There are 2 protein chains.
Amino acid sequence: MVKRGKITMNDVAQLAGVSTMTVSNVINDRVRVSPEARERVLAAIRESGYQINAAARSLRSGRSGVIGLAVPQVGNPYFGMFAELVIAEARRHGYHIAVEQTGAVALGETAAVAQSRRLQLDGLILSLSTAEAESSLLQTTEQGLPIVVLGEQDPAGRFDHVSAPDEAGAAAATAHLVDLGCKRIAVVTGGNLDRLTMFTRRYNGYRTALEDRGIRPDPKLRFIVDSLTREGARSTGHRIADSGLGVDGVVALNDIVAMGVIRGLRDRGVAVPDDMRVIGFDDVPAAAYFIPSLSTVSPDHEWKAAKAVELILSRIEDPLAPPREYTAPFAIVRRESTA
Amino acid sequence: MVKRGKITMNDVAQLAGVSTMTVSNVINDRVRVSPEARERVLAAIRESGYQINAAARSLRSGRSGVIGLAVPQVGNPYFGMFAELVIAEARRHGYHIAVEQTGAVALGETAAVAQSRRLQLDGLILSLSTAEAESSLLQTTEQGLPIVVLGEQDPAGRFDHVSAPDEAGAAAATAHLVDLGCKRIAVVTGGNLDRLTMFTRRYNGYRTALEDRGIRPDPKLRFIVDSLTREGARSTGHRIADSGLGVDGVVALNDIVAMGVIRGLRDRGVAVPDDMRVIGFDDVPAAAYFIPSLSTVSPDHEWKAAKAVELILSRIEDPLAPPREYTAPFAIVRRESTA
DNA sequence: TTGTAGGCGTTATCAT
DNA sequence: ATGATAACGCCTACAA
């Protein structure tokens, strides 16, 4: 009894001997439908293998039941893990997630926003890496796409925003190294430090932690990765090993970089933690299994994912509510790399 | 001049002083439109911030321009990397990718298929981990959803299929260890070995490589991970270290497992490669940066992604063509873990 | 080259 | 409780 091609609600209605609206009412259990009618409809659905047409529903209702999640790359361990959590959390609320990739560039972030509108997504959780995408964001919210921003904050503070504990986390990481007796603590950060970015905030955390303990941050101990990749981090590890600056501790801006740096140090025969201690940021799944296992700042990822979903849903409910700002709680996880 | 709410093609037409169809024709550059009209339309689009409504287009045309990609989890390094490549390749062909997660269970795989139909996806690239989802697949293709299968092959061979070089790759990995002088080579695999799965095929590769060299595979050297996670692999590493079997080489079914095993060995003071050599499978991005860097079977991931996209596009073109079968080329990458 | 009519599958509204 | 009707925004077919 399986019909080839498209089976519509109408087909189901005929099969069940009811009207299209009754089928629709059963599916969405909107109004009271008599038990017999409901039963016949459900049987007809099973028999025909009917699947609702999301395009038609979305066109008619204006809602797609899909929320976008735009991240730089899903292949990145951090964003891959985060996407998984968001997908699970959204499903709990009856929503589906569509993953977009921005490549961490403004063009990609703008494109993700445009794409979300085209696809009639009900909202967008956007992990921002640039500030340049802001103007397109503003235009978009004016046109009614609810947005929650992660990572970089828009300067005007007009969006719901969930951030990592950048300053406090980096400060705690730095303090951890100081407490262990490290005297020459380097920091590995990225990009330029003019604007207030994730890099800047983590760097600031490092600096204030040192200053709080009466240590003058040495500009020579600030290493900039030339690219935010494992390879970029590895060569930064080489530079640190070759620097002759007597570095005995490293605060890395994230775990990928930390592991790349450790790998680079190892290339030069520098052992972690024996010769130098290293701490990361993010607590990606691989961190606990790296050799040496990686000490790191561990933000509550589940909390972050749940908060992002909660915010986007309430923003969809009430587009005009004032924007809200949250920072994830964190803990320092001590592992072998700072033993 | 930015209008709030939904801007339709009609609004653009009015703004430009033309008919809706002219706007549609400009957007899809279908027929010849006079330069002046086209210019006015483009200006109106820019001015209004118009975005085409994908739901309406999809409803009308029956095509969404979106291809589904169903993988177990995007947080997994292998699938995250693979998703990235597929997304990039699809974009090159003007298609968008929607990522689904199956959790590597039959229920999830079936659900992904149903979801793809609901969402009017033009096709589905499905990374299969189970055989149970097969019946639902068959029903689906009958209803016109083009499918390309990765990973597990459906027993009936009714789908386009791209596989990893499981047997040949595992055999080459094993041969590599033999050539290095390993005498007691263990294999770490998963699940039961009754059906022909990825596990079975890689295990078979290991076995035939040994037999080809006149070595009798010792059943005691076959270790089964109780869960396909880093933690499961780590505890397998413990078991290998504690086994007292004199293992001097390990063929792991994939890189995640290989790294987990190395971590577990390290927990027991077994050094890789000094005390024991380990080789993985997949060449995930992290493999080259692990300590020790991981020797592994490196399938051509880009080839695989490109082939999957190529197959799904041609399947969309011609739903009735006979199914095709491809296996990715590979190379053995020698790194520190087998030095 | 441009415009008009109709329908894709669903649901809101109103009527029975 | 159930059904008829119209409309969501776009595109195919045809007409001008």
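Any value given below was found using the heavy atoms of this structure, including those in side chains, with hydrogens, waters and symmetry copies removed. Quick caveat: nothing in here was measured; it's all calculated off a predicted structure.
Note: CG (B:L119) to P (C:dT10) measures 13 Å, nearest angstrom. One atom, CG of A:D29, and another, P of D:dA1, lie 14 Å apart when rounded to the nearest Å.
Nearest nucleotide to the B:V33 side chain, out of C:dG9, C:dT2, C:dT11: C:dT2.
Between the side chain of A:R40 and the backbone N or O of A:A16 there is at least one donor-acceptor pair closer than 3.5 Å. Between the side chain of B:S116 and the main chain of B:L121, no donor-acceptor pair closer than 3.5 Å is present.
Among the protein residues, A:N25 comes within range of no part of the nucleic acid, since none of its heavy atoms lies under 4.0 Å from any strand. In this structure, A:S61 reaches neither bases nor backbone, as no heavy-atom distance under 4.0 Å exists between it and the strands shown. A:M21 comes within contact range of at least one nucleobase, with a heavy-atom separation under 4.0 Å. Contacts of B:A37 with the nucleic acid, taken as non-hydrogen atoms under 4.0 Å apart, involve only primed sugar atoms and P, OP1 or OP2.
For a distance-only test at 3.5 Å, the side chain of A:R60 qualifies as a donor-acceptor partner of the base of D:dA7.
Ionic pairing of A:R46 and A:E39 is present here: one or more N-O contacts between side-chain nitrogen and carboxylate oxygen are shorter than 4.0 angstrom.
Along DNA chain C, the nucleotide nearest B:T20 and the nucleotide nearest A:I27 are compared for position; the residue whose nucleotide lies closer to the 5' end is B:T20.
In this structure, CZ in B:R315 is found 10.5 Å from CD1 in B:I147, a value given to the nearest 0.5 Å.
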